[in-house]
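FYI, the numbering just counts along the sequence from 1.
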Amino acid sequence: MSTLFDSIRKRFYKRIEKDADFFSYYNISTTDAIALAEKQANGYLIDAVDRLTNTCTPDINFYDYDETLEQFNIDLTNKEIGLLAGLMYEIYFDRDLVLLKAFKIAMTPSDLSVFSPANERRTFTEMVEKIKLENNINIDHYMSIDRETGKPKVIDHSQYEY
């Protein structure tokens with residue numbers, strides 16, 4: 001009963017497959033490049049677990065994982081794998097957003113108009129906000145259903161006195 005990190009990484013890779021920079025490293029072998037990409041993706045995965053558990057209280061312990069074996073010690077559902085991959089995608093772009101903000105702080109308004117068009121910055125920021133909104137909706141949906149049956153959670157009113 002476990003879920004390999006690899007199954008989650010593959011879902012994440014499908015979302016970023018057009019970004020050659022993530023998979024390209026200079027002066028190293030393909031094997032080493034893949035190892036570096038996996039290490040980077042594992043970092044995003046651990047951050048995704050933090051983001052998920054800081055946002056809600058899941059029915060399972062997402063911290064039950066082994067980084068050495070690169071696996072969760074529980075069976076994750078396809079929905080949970082997709083949710084983690086989506087959060088990894090958010091974290092991936094969020095790091096670029098931080099760099100963009102740092103760049104904006106370091107430059108004067110006249111520098112920004114020459115080197116970084118405002119429309120491109122705004123479009124990127126809006127895209128990241130859209131990804132965050134979609135993830136928040138997915139987390140809300142995840143929390144409202146039973147993880148194994150996929151059916152909506154209901155309150156058993158018979159256990160309460162009115």
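Take Asp75 and apply the side chain to side chain donor-acceptor pair (under 3.5 Å) test, not counting sequence neighbours, and it matches no residue. In this structure Tyr142 satisfies the ring-ring contact (aromatic ring centres under 6.0 Å, His included) test with no other residue, sequence neighbours excluded. Residues passing the side chain to side chain donor-acceptor pair (under 3.5 Å) test with Thr30: none are found, sequence neighbours excluded. Under the salt bridge (charged side-chain N to carboxylate O under 4.0 Å, His left out) criterion, Lys130 pairs with Glu134, sequence neighbours left out. With sequence neighbours excluded, the residues that form a side chain to side chain contact (heavy atoms under 4.5 Å, CB included) with Thr68 are Asp66. With sequence neighbours left out, the side chain to side chain contact (heavy atoms under 4.5 Å, CB included) criterion links Leu133 to Ile137. Legend: residues meeting salt bridge (charged side-chain N to carboxylate O under 4.0 Å, His left out) with Glu126, ordered by chain and number and at least two apart, are Arg122. In terms of the ring-ring contact (aromatic ring centres under 6.0 Å, His included) criterion, Phe62 has no residue partners (sequence neighbours excluded). Here Arg15 pairs with nothing under the salt bridge (charged side-chain N to carboxylate O under 4.0 Å, His left out) rule; sequence neighbours left out. Among residues two or more places apart in sequence or in another chain, the side chain to side chain contact (heavy atoms under 4.5 Å, CB included) test is passed with Ile28 by Tyr25, Asp32, Ala33, Leu36. Applying the side chain to side chain contact (heavy atoms under 4.5 Å, CB included) criterion to Asn138, with sequence neighbours excluded, gives Leu83, Asn135. Remark: Arg9 engages Asp6, Glu38, Glu70 in a salt bridge (charged side-chain N to carboxylate O under 4.0 Å, His left out) (not counting sequence neighbours).
Between Asp146 and Asp59 the shortest side-chain heavy-atom distance does not fall below 4.5 Å. Residues Tyr160 and Ile155 meet the side-chain proximity criterion, which asks for heavy atoms closer than 4.5 Å. Counting heavy atoms from C-beta outward, Leu76 and Leu84 have side chains that approach closer than 4.5 Å. Counting heavy atoms from C-beta on, the side chains of Glu67 and Ile46 come closer than 4.5 Å. With contacts defined as side-chain heavy-atom distances shorter than 4.5 Å, the pair Met127/Ile131 qualifies.
Between Arg51 and the choices Thr53, Thr55, Val49, the side chain to side chain contact (heavy atoms under 4.5 Å, CB included) rule is met once, by Thr55.
Linking ILVMFWY side-chain heavy atoms closer than 4.5 Å, directly or via other members, places Ile8 and Tyr63 in a single hydrophobic cluster. Grouping the Ile, Leu, Val, Met, Phe, Trp and Tyr side chains by contacts below 4.5 angstrom, directly or via other members, places Ile60 apart from Leu4. Linking ILVMFWY residues whenever their side-chain heavy atoms come closer than 4.5 Å, directly or via other members, leaves Met88 and Ile34 in distinct clusters.
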Exercise. Determine, stepwise, if the pair Glu80 / Leu52 fulfils side chain to side chain contact (heavy atoms under 4.5 Å, CB included).
Key: CA-CA 10 Å; Glu80 290 163 341; Leu52 178 62; over 6 Å; no

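Judged by distance alone, the side chain of Thr3 and the main-chain N or O of Ile74 form a donor-acceptor pair under 3.5 Å. Although no hydrogens or angles enter the test, the distance criterion places a donor-acceptor pair under 3.5 Å between the side chain of Lys153 and the main chain of Met143.
The environment of CD in Glu161 is sparse: at most 12 heavy-atom neighbours from other residues, nucleotides or ligands sit within 6.0 Å.
Using bins of under 30°, 30° to 60° and over 60° for the plane-to-plane angle, the ring pair Phe72/Tyr65 lands in the perpendicular bin.
Neither side chain, Tyr13 nor Glu17, offers a donor N or O lying under 3.5 Å from an acceptor on the other. A donor-acceptor pair shorter than 3.5 Å cannot be found between the side chains of Arg11 and Ser7.
The aromatic ring centres of Phe12 and Tyr89 sit 6.0 Å or more apart.
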